[in-house]
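Below: the structure, in structure tokens.
As the structure is a computational prediction, the values presented were derived from the model and not from experiment.
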Amino acid sequence: MSTMNSAPRSGTDWIGYNLKITQHRLRQRLDAELARLGITAPQNAVLLAIAGNPRISNADLARSAFVTPQTMQGILVNLERGGLIVRSPHPEHGRVIMTELTKAGQKAVADGAKAADAVERQMLSRLSADEARLLCDLLKRCAAALDE
């Protein structure tokens with residue numbers, strides 16, 4: 001005979017539910033902080049990705065911002081209109097478009113990173129440094145398990 005209770009668990013007992021609640025609240029706080037800078041969370045992710053690799057493909061940019069390639073095109077258009085990026089054809093590969101940050105884009109990356117760091121510090125404020133490192137490791141391991 002099983003000792004497990006057959007009654008369904010409540011949402012507050014599910015790790016996935018708590019993870020989603022945390023992610024939702026994190027996104028809300030990040031959106032609020034980034035809105036003060038005039039950018040969105042996906043735009044911030046794109047700017048950070050471009051800062052790390054100016055020759056990054058649009059498909060890789062879409063993956064980094066968790067959006068579709070079609071949505072990415074709109075994000076890039078808005079960033080270019082806002083003067084945060086410039087796009088130009090690759091000198092050797094005609095189909096490749098290079099995307100680079102402008103001075104304003106570089107400032108947005110720095111300001112966006114500060115805002116994201118502040119929100120993350122708030123989220124982790126009730127954890128010790130060891131607990132925060134452990135949480136990060138555990139989340140990476142959970143994500144890897146779902147990739148298998």
Side-chain angles (χ1 to χ4, degrees), residues 1-82 84-87 90 93 95-102 105-148:
M1 178 184 232
S2 171
T3 59
M4 294 200 53
N5 185 348
S6 62
R9 295 185 293 170
S10 70
T12 57
D13 294 334
W14 290 28
I15 292 172
Y17 176 80
N18 284 292
L19 186 60
K20 181 61 180 171
I21 290 292
T22 303
Q23 183 275 332
H24 180 70
R25 290 179 183 162
L26 174 66
R27 177 66 187 264
Q28 286 178 319
R29 291 288 300 125
L30 184 59
D31 284 344
E33 291 300 316
L34 293 173
R36 296 176 193 178
L37 304 175
I39 59 175
T40 65
Q43 287 174 330
N44 189 54
V46 169
L47 291 170
L48 286 166
I50 293 168
N53 179 6
R55 294 187 176 169
I56 191 168
S57 71
N58 284 8
D60 286 339
L61 283 172
R63 280 188 284 280
S64 73
F66 304 102
V67 299
T68 65
Q70 295 80 6
T71 299
M72 180 50 57
Q73 188 57 37
I75 290 171
L76 290 171
V77 166
N78 287 334
L79 290 173
E80 192 169 29
R81 282 185 188 149
L84 300 176
I85 62 168
V86 291
R87 295 163 50 191
H90 190 283
H93 306 286
R95 290 182 46 152
V96 174
I97 302 292
M98 296 189 326
T99 305
E100 298 177 83
L101 298 174
T102 63
Q106 292 169 3
K107 182 176 180 345
V109 165
D111 292 346
K114 286 178 191 171
D117 286 345
V119 171
E120 185 165 295
R121 279 193 307 276
Q122 179 185 2
M123 179 183 69
L124 299 173
S125 65
R126 296 183 183 186
L127 302 180
S128 70
D130 286 342
E131 288 172 325
R133 281 190 293 277
L134 177 60
L135 176 62
C136 186
D137 181 56
L138 293 172
L139 289 171
K140 287 177 185 178
R141 289 168 42 197
C142 288
L146 292 172
D147 280 342
E148 295 173 356

**Study point:** Approximate separation, where rounding is to 0.5 Å, of N53 CG and L48 CG
**Key:** 13.0 Å
Point to revise | Side-chain ion pair, R141 and D137, N-O less than 4.0 Å | key: yes
Check your understanding: Taking atom CD of E33 and atom CG of D111, what is their separation to the nearest 0.5 Å?
Key -> 11.5 Å
Check your understanding: Are any non-hydrogen side-chain atoms of T99 and I56 less than 4.5 angstrom apart?
Key -> no
Check your understanding: Can you name the nearest heavy-atom pair linking A108 to I39, along with the distance?
Key -> O-CD1, 4.4 Å
Check your understanding: Nearest heavy-atom pair of I85 and E80: which atoms, and what distance?
Key -> CG1-N, 3.5 Å
Check your understanding: Can you check whether T40's main-chain N or O pairs, donor with acceptor, with Q43's side chain at less than 3.5 Å?
Key -> yes
Check your understanding: Is a side-chain donor or acceptor of E131 paired with a backbone partner of S128 at a separation under 3.5 angstrom?
Key -> yes
Review point. Should D130 and R133 count as an ion pair when the cut-off is N to O under 4.0 Å?
Key: yes
Check your understanding: Tell me, do I97 and N58 make a side-chain contact under 4.5 Å, heavy atoms counted?
Key -> no
Exercise for review: With rounding to the nearest 0.5 Å, note down the distance linking CD in Q73 to OG1 in T68.
Suggested key: 10.5 Å
Check your understanding: Nearest heavy-atom pair of G112 and L34: which atoms, and what distance?
Key -> CA-CD2, 3.8 Å
Review point. What's the shortest heavy-atom distance between A45 and S64, and which atoms?
Key: CB-O, 3.9 Å
Exercise for review: Sort and list the pairs that fulfil salt bridge (Lys or Arg N to Asp or Glu O under 4.0 Å) and have at least one residue in residues 60-75, not counting sequence neighbours.
Suggested key: D60-R63
**Study point:** Interatomic spacing from OG1 in T102 to CG in L84 - rounded to 0.5 Å
**Key:** 5.5 Å
Check your understanding: Taking the side chain from N18 and the backbone from W14, do they hold a donor-acceptor pair closer than 3.5 Å?
Key -> yes
Exercise for review: Identify the heavy atoms of M72 and L61 that sit nearest to each other, and give their distance.
Suggested key: CE-O, 3.4 Å
Study note, to complete from the structure: One should read off an interatomic distance between H24 NE2 and L19 CG, to the nearest 0.5 angstrom, of 13.5 Å
Check your understanding: What's the spacing between M123 CE and T22 OG1 if we round to 0.5 Å?
Key -> 7.5 Å
Study note, to complete from the structure: Between A51 and L101, the two heavy atoms sitting closest are CB-CD1, 3.6 Å
Exercise for review: Would you please name every residue forming a side chain to side chain contact (heavy atoms under 4.5 Å, CB included) with L135, sequence neighbours left out?
Suggested key: L124, L127, L139
Check your understanding: Is R87 atom CZ crowded by more than 12 heavy atoms from other residues, nucleotides or ligands, each under 6.0 Å away?
Key -> yes
Check your understanding: Taking the side chain as C-beta and beyond, is there a heavy-atom pair between E100 and I50 under 4.5 Å?
Key -> no
